[in-house]
Protein chains: 2
Amino acid sequence: MKYSASKENHLKAIFHLQQEQGIVTTNALAASLRTKPASVTDMLKKLKEQKLLIYERYKGFKLSTEGRKAAVLVIRKHRLWELFLVKKLQFGWDEVHEIAEELEHISSRELVDRLDAFLGFPETDPHGDPIPDSQGRFQPRKQVCLSELPLNKVVQVSGIASQTTEMLELLQYNHIRLGTRLEIRKKFPFDDSLEVKVRNRPPVTISARVAKNVLVKDDEPLSEKR
Amino acid sequence: MKYSASKENHLKAIFHLQQEQGIVTTNALAASLRTKPASVTDMLKKLKEQKLLIYERYKGFKLSTEGRKAAVLVIRKHRLWELFLVKKLQFGWDEVHEIAEELEHISSRELVDRLDAFLGFPETDPHGDPIPDSQGRFQPRKQVCLSELPLNKVVQVSGIASQTTEMLELLQYNHIRLGTRLEIRKKFPFDDSLEVKVRNRPPVTISARVAKNVLVKDDEPLSEKR
DNA sequence: TTTTAATTTTAGATTTGTCTAAATTTATTT
DNA sequence: AAATAAATTTAGACAAATCTAAAATTAAAA
Ligand SMILES: [Mn+2]
Ligand SMILES: [Mn+2]
Ligand SMILES: [Mn+2]
Ligand SMILES: [Mn+2]
């Protein structure tokens with residue numbers, strides 16, 4: 001029931017890769033964890049041993065039910081801690097990822113559930129990602145990435161897919177953050193870059209790379225809660 | 001500047017043993033960490049390598065200035081997290097030690113200092129132990145252990161030296177907690193046990209072992225702050 | 001369909017932290 | 001002062017996690 005920090009990191013990364021592609025590859029996982037393929041293979045064997053992974057050599061792999069449950073718990077912890085850091089300790093939303101990367105490995109279930117209550121059972125983390133509840137239930141996010149948005153449609157930033165410090169810094173610099181209302185003014189097919197307009201600001205150009213990582217949803221001027 | 005959890009645990013344990021005895025021995029440290037003397041010797045060599053320890057083989061050891069600084073930071077983190085768990089997450093004072101034992105190894109300095117601010121720069125943890133400030137400055141506690149208290153002097157429980165779950169459970173059972181006012185009614189020289197009286201309760205008998213771990217200070221009915 | 005390339009796995013090493021059993025040093029008794 | 005006991009250290013082993021270099025497998029190109 002309790003896994004090492006390294007195992008938890010692997011489970012979480014596999015879960016995220018599964019979301020995009022159905023099946024995960026050794027190289028992709030190694031890249032995502034900034035480790036080497038040989039190291040990944042070693043870990044895969046251990047995870048299979050513990051029945052956390054469905055895995056046949058040379059044929060890719062995916063999480064078992066057990067494995068998915070464990071991964072979701074890590075994600076739950078990560079996102080709750082991120083929100084705690086921003087809401088209660090006044091960290092910036094672009095400063096919390098690394099710290100949560102450590103905090104997510106604290107093992108006490110009781111702690112997680114009480115933290116959840118302390119934060120008022122929040123639905124999303126500071127980057128707009130949904131927080132699984134104590135049963136591991138996930139609200140899927142209803143959002144699309146900026147690169148797939150049509151021209152001149154005003155939307156609201158609801159999430160950031162990649163959360164490297166470099167990425168978050170770039171967005172900060174361009175005054176794009178969670179909740180920012182914006183629209184696309186122009187698309188440049190040459191490199192798929194976009195001209196983006198934020199209200200009361202000069203337009204800025206965003207690379208395709210960045211656009212793929214900014215998630216937006218329909219602008220809802222009024223609160224969703226009725 | 002960043003040490004492994006195991007190194008931090010060793011540094012902290014050495015610091016605590018130093019408080020009581022001036023010099024620390026391999027066996028004492030092994031007992032305190034529930035590990036084996038041979039393992040301790042291995043670790044001592046590494047700590048000396050990193051100049052955290054003054055150590056000559058067979059001659060005992062103590063922390064260097066560096067080592068003491070590192071140890072105090074771990075203690076600061078431990079106690080701040082304990083207080084957080086009790087004050088903000090509604091844990092009982094006897095439930096937090098194990099969790100803090102993990103949380104104390106989270107590395108971010110910024111996190112610790114913000115947590116400190118969030119808690120209002122507290123002076124003591126839930127067990128009455130002083131919390132070092134961000135410079136590592138310590139307020140020494142002005143308290144004495146129950147076994148050294150004269151008869152019939154009313155005092156207030158201000159700290160618990162050993163914080164095993166078993167110990168805290170025993171105290172809970174006898175209605176002794178932080179802030180409890182009590183006095184010693186009788187001492188039994190045979191085994192150094194004590195009869196202790198808490199107001200509105202029947203007297204209870206406390207072993208010498210327990211008495212040595214209950215810290216008390218003069219009963220101050222009015223707040224210390226003026 | 002061979003040949004070549006990319007991916008994945010194995011073999012063998014390394015680091016960190018721990019252990020047991022045996023040897024060494026220091027402390028205590030006779 | 002020897003002999004015995006206690007404390008400490010060394011020697012050698014092991015598990016976890018990682019790496020490099022080489023081999024095996026699968027995929028893509030010629
Ligand atoms: Mn992590
Ligand atoms: Mn996040
Ligand atoms: Mn610890
Ligand atoms: Mn404490």
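In the text below, chain A, chain B and the rest are named by the order of the sequence lines, each starting its count at 1. The basis for the numbers below is simple: all heavy atoms, side chains too, and nothing from hydrogens, waters or symmetry mates.
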How many Å lie between NZ on A/K36 and P on D/dT18, as a whole number?
-> 12 Å
Parallel under 30°, tilted from 30 to 60°, perpendicular over 60°: which one fits the rings of A/F84 and A/F118?
-> tilted
Between C/dT10, D/dT9, C/dT8, which nucleotide has the shortest distance from any of its atoms to the side chain of B/L44?
-> D/dT9
Compare side-chain N and O positions of A/N27 against OP1 and OP2 of C/dT8 and report whether any pair is under 4.0 Å apart.
-> yes
For A/H105 and D/dA17, give me the distance from atom NE2 to atom P, rounded to whole Å.
-> 12 Å
Residue from B/D133, B/D129, B/D113 passing salt bridge (Lys or Arg N to Asp or Glu O under 4.0 Å) with B/R76 = B/D113
Given C/dC19, C/dT7, C/dT10, which nucleotide is nearest the side-chain atoms of A/K45?
-> C/dT10
Gap between atoms CG and P, on A/L29 and C/dT7 respectively (whole Å) | 15 Å
Between atom CG in A/D42 and atom P in D/dA21, what is the gap in whole Å?
-> 16 Å
Atom CZ of B/F61 to atom C1' of D/dA7: distance rounded to whole Å?
-> 12 Å
Going by distance alone, is a donor N or O of one side chain under 3.5 Å from an acceptor N or O of the other, for A/S193 and A/D191?
-> yes
For A/K7, answer base if it contacts any base atom (sugar-phosphate contacts may also be present), sugar-phosphate if it contacts only those atoms, and nothing otherwise; contact means non-hydrogen atoms under 4.0 Å.
-> sugar-phosphate
Using atom types as modelled and distance alone, determine if a side-chain donor or acceptor of B/H127 lies under 3.5 Å from a backbone N or O of B/W93.
-> yes
Out of C/dT24, C/dT10, C/dG17, minimum distance to the side chain of B/S4 belongs to C/dG17
Hey, does B/S39 reach any base, or is it just sugar-phosphate, or nothing, if we go heavy atoms under 4.0 Å?
-> base
Tell me: CD1 of B/I23 to C1' of C/dA27, nearest whole Å?
-> 17 Å
Can you check the A/M43 CE to D/dC19 P distance for me, whole Å?
-> 11 Å
Reckon B/T41 touches a base, only the sugar-phosphate, or nothing at all at heavy-atom distances under 4.0 Å?
-> base
What nucleotide among C/dT8, D/dT18, C/dT18 has an atom nearest to a side-chain atom of A/K46?
-> D/dT18
Which atom pair, heavy atoms only, marks the closest approach of A/D192 to A/A208?
-> O-CB, 3.4 Å
How is B/Y55 classified with respect to the nucleic acid when contacts are heavy atoms under 4.0 Å: base, sugar-phosphate, or nothing?
-> sugar-phosphate
Among D/dT8, D/dA24, D/dT20, the one nearest A/Y58 by side-chain distance | D/dA24
Quick one: which of D/dT10, D/dT18, C/dT8 gets closest to the side chain of A/T35?
-> D/dT18
Is the shortest side-chain N/O distance from A/S6 to OP1 or OP2 of D/dA16 below 4.0 Å?
-> no
Find the distance B/N9:CG to C/dG17:P and express it as a whole number of Å.
-> 11 Å
